[in-house]
Amino acid sequence: MDSAEFHAAVYDKVREIPAQRVTTYGHIAKLIGMPRHARHVGQALKFLSPQTNPPVPWHRVIGASGTISSRGPGTGGAQNQRGVLEAEGVEVTTGRTGEMRVDLSRWGWFPAVDAAATQQGRDQTGEESSESEG
DNA sequence: ACACTGACCGGAG
DNA sequence: GCTCCGGCCAGTG
């Protein structure tokens, strides 16, 4: 798994994130078969450009606690990320300290991790999805 | 090889 | 809700 392959895998998964939904770095990493590379998921995302095509919804990737990493003194990428999320209809709450959070219980997108992700080379035809609407 | 850093995760108090 | 701690993997000096 080269860096390029890793990036490609990350982008592919991130693009699968539906609108009005958010997921975590850890989950993306898990989906691509590298649950321990959670940090590298973001590492790869930072290489993305606003001109990428098809566009990668990196803004739908947040921390495991639904917290948006503040990559700035406040009005930075995080602010933009929040704006984009709200633009899609995702509710983002902000704390007094400028903490931006998203209710994963409401907007969280955590599809079942297939064996294909954990065991590359093993294929299966069964699919499971434990998503709930409400 | 060692030490520090990073868009992180999970457990315990 | 929050803080404190250990673990994980990769990049850099």
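Here is the naming used below: chain letters follow the sequence lines, and residue numbers restart at 1 for every chain.
Remark: of the listed residues A:T23, A:L85, A:V90, A:V90 is the sole one forming a side chain to side chain contact (heavy atoms under 4.5 Å, CB included) with A:W107.
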Annotated protein contacts, base or backbone, on nucleotides 2-13 of chain C with a non-hydrogen cut-off under 4.0 Å, one of B, S, - each: S-----BBSS--
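The distance from the CZ atom of A:R101 to the CZ atom of A:R82 is 13.0 Å, given to the nearest 0.5 Å.
One interatomic measurement links the two molecules: CH2 of A:W58 to C1' of B:dC8, which rounds to 16 Å at whole-angstrom precision. In this structure, NE2 of A:H27 is placed 15 Å from C1' of B:dC8, rounded to the nearest angstrom. One atom, CD1 of A:I28, and another, P of B:dC9, lie 11 Å apart when rounded to the nearest Å. The distance between atom CG of A:L104 and atom P of B:dC8, rounded to the nearest whole Å, is 14 Å.
Note on A:W109: it does not cluster hydrophobically with A:V84, by side-chain heavy-atom contacts below 4.5 Å among ILVMFWY residues.
In this structure, A:P111 and A:H27 have side chains that are in contact, with non-hydrogen atoms separated by less than 4.5 Å.
Across the P atoms, B:dA7 and C:dC5 are found 22 Å apart, a figure rounded to whole Å.
Salt-bridge annotation for A:R21 and A:E88: absent, with no side-chain N of the basic residue lying under 4.0 Å from a carboxylate O of the acidic one.
In this pair, A:H37 and A:F6 present their aromatic rings tilted. The plane angle is within the 30 to 60° band.
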